[in-house]
Number of protein chains: 2
Amino acid sequence: MGVSERKAREKLRRKQNIIDAAEDVFFTQGFENSTMSQVALKAELSKGTLYLYFKSKDEIYSAIILRSFHILQQHLEQVLTDCAALSGFRMLEKVAEAYIKFAYEFPNYFNTILDYENSDFDLKNLEGEARRALEAGNGVIDLLVNAIRKGQEDGSIRPSLEATEMAFVLWSQLTGLLQVIRKKMDIISHYFSIQKDNLLQTHLEIMKKGIELLEWKSNESKDTIRPLRSDE
Amino acid sequence: MGVSERKAREKLRRKQNIIDAAEDVFFTQGFENSTMSQVALKAELSKGTLYLYFKSKDEIYSAIILRSFHILQQHLEQVLTDCAALSGFRMLEKVAEAYIKFAYEFPNYFNTILDYENSDFDLKNLEGEARRALEAGNGVIDLLVNAIRKGQEDGSIRPSLEATEMAFVLWSQLTGLLQVIRKKMDIISHYFSIQKDNLLQTHLEIMKKGIELLEWKSNESKDTIRPLRSDE
DNA sequence: TTCATAAAATGACTGTAAGTCAATCATTAG
DNA sequence: CTAATGATTGACTTACAGTCATTTTATGAA
């Protein structure tokens, strides 16, 4: 008969509509300054109805976080597909660049990822949208792990570091830097004369030296002393 | 006559009492779950009185953040004093270790620093306790900048990277990693078999390779290919 | 000691927003 | 057409941040 299937589809669609409306409201006014009534108005539903689809305001936000990770994951997967011919290390560089690009092209989605990173997750917390968001985040880590493994096999990445550990470290470090840039750059630049592009450049250079594995050639020992900046 | 001086001192002391009480309440129950009435009760004052000393609940939290940065700064300064004889790079390593130690010895203060890092600061936002917290944070960065400059002068740190930029990158990266460890480690370990100590170890190894400047000796080119793990 | 003035403290009150639920409306199937 | 099931509603409850008219306490001059 297909009635229950249709119902289920409609329920899904309405859930997505609510998330769309919530994104609109939250991204415009900020999560704290937004009310469920505003979301309801935008979704053309009553406040009570929202609670038939989501347990709480936070649950809606978790659904947006889940979206953010899915979008990020799609972008990173695209990059990895496009760069399949490159070395594992080069792929990892491309992924880092893609994450940085994501942070600037989708500032609102990136902000939700930052909120996710700062939220406490304990095992009780872990159900519904929140669990799905976590697993989507883990999916992004898996992409990194694969690139790192490839790099360790093709000899472009130091094999002495365990791939999963390295993936978490790289993800956490870059997210930390992007967080400072996003949240504090405007103000910091009143105290220090630094620019976000230079911070990212510095990060990428340090990481390159930190994880890349170079073939041994005596005239290329990049770790050794040099008179001046190697840039440009 | 000294009356107004005494008044000012008493005002300061009572402000600190309120912060003490707020720490107690916020650290026990979490900021969101705490009420101003609870803080007032703990401080043995009425709710209204709190607002004579602080503009808002957030303002009290900012005062706690300020404390956190002061405590961290004191610890890092102590380490830098103790290690004055070491190379700039070794000092930087010691500072990183001290920051990690701080995160574990003062979990509540460290958590407030994480909240600070995730909070939006725009120029209007920037007054009162919040401004002081920001400047205390900048003080920590200055410590790093000095160690880096020293390392670049004594030849232990790559001179090609600008010291202030590098300080921000190092601070942001390590904070990012500590954030993931603090907020997600419990749950992540149900999906990946990783341990916090290994993540920190990996981070420190990568950073060492990334920023340390080595004297050129052909038998020490650490970046070159090697058959197996170099650990142990 | 007394009293007027100012400073500090109070807690009942207001406004706002998350979340609930009894009542209403819509859909389906017999 | 109608009963039953499911979806929707918005007035209501609860909780808390922040306010302010009133009360209490401290100060210093007479």
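So that the names make sense, note that chain A is the first sequence line, chain B the second, and so on, each numbered from 1. Note: hydrogens, waters and symmetry copies are ignored here, and every other heavy atom, side chains too, is used.
Where B:Leu45 and A:Ser34 each meet DNA chain C at their nearest nucleotide, the meeting point lying more 5' is that of B:Leu45. Residue B:Leu50 is the one, among A:Lys47 and B:Leu50, whose nearest nucleotide of DNA chain C lies closer to the 5' end (criterion: closest heavy atom).
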Practice item. Given salt bridge (Lys or Arg N to Asp or Glu O under 4.0 Å), test A:Arg132 with A:Glu129 step by step and report yes or no. Key: CA-CA 5 Å; A:Arg132 259 163 281 170; A:Glu129 300 292 336; 3.6 Å; yes
Practice item. Under the salt bridge (Lys or Arg N to Asp or Glu O under 4.0 Å) rule, what do B:Arg67 and B:Asp20 come out as? Steps first, then yes or no, please. Key: CA-CA 10 Å; B:Arg67 272 197 184 174; B:Asp20 291 341; 2.7 Å; yes
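Of the listed nucleotides (C:dT10, D:dT9, C:dG19), C:dT10 has the atom at the smallest distance from the side chain of B:Ser46. When distances are taken from the side chain of B:Lys57 to each of D:dA17, D:dT9, C:dA9, the shortest belongs to D:dA17. In the set D:dC16, D:dT9, C:dA9, the nucleotide with an atom closest to the side chain of B:Arg14 is C:dA9.
Partner B:Tyr109 forms a ring-ring contact (aromatic ring centres under 6.0 Å, His included) with one of B:Phe69, B:Tyr104, B:Phe27, B:Tyr99 and no other, that one being B:Phe27.
Note: CD (B:Glu59) to C1' (D:dA17) measures 15 Å, nearest angstrom. Rounded to an integer number of Å, the gap from CZ of B:Phe54 to P of D:dA17 is 15 Å. Distance CE (A:Met36) to P (C:dT16): 19 Å, rounded to an integer number of Å. Rounded to an integer number of Å, the gap from CD of B:Gln38 to P of D:dA15 is 12 Å. In this structure, A:Phe31 places its CZ atom 13 Å from P of C:dA17, rounding to the nearest Å. Taking atom CG of residue A:Asn17 and atom P of nucleotide D:dT8, one finds them 11 Å apart after rounding to whole Å. Rounded to an integer number of Å, the gap from B:Leu41 CG to D:dC16 C1' is 15 Å. Taking atom NZ of residue B:Lys11 and atom P of nucleotide C:dA9, one finds them 8 Å apart after rounding to whole Å.
Under the salt bridge (charged side-chain N to carboxylate O under 4.0 Å, His left out) criterion, the residue pairs touching residues 96-119 of chain A are A:Lys101-A:Glu105, with sequence neighbours excluded. Sorted by first then second residue, the salt bridge (charged side-chain N to carboxylate O under 4.0 Å, His left out) pairs that include residues 176-200 of chain B, not counting sequence neighbours, are A:Asp120-B:Lys183.
Across all strands, A:Leu52 comes closer than 4.0 Å to base atoms (heavy-atom distances). When heavy atoms are screened at a 4.0 angstrom cut-off, A:Tyr53 is found touching the sugar-phosphate backbone but no base atom.
Not one N or O on the side chain of B:Thr175 forms a donor-acceptor pair closer than 3.5 Å with the backbone of B:Ser172. The closest donor-acceptor contact from the side chain of A:Lys57 to the backbone of A:Phe31 lies under 3.5 Å.
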Polar atom pairs between nucleotides 21-23 of chain C and protein, under 3.5 Å, N or O only, would you list them?
none

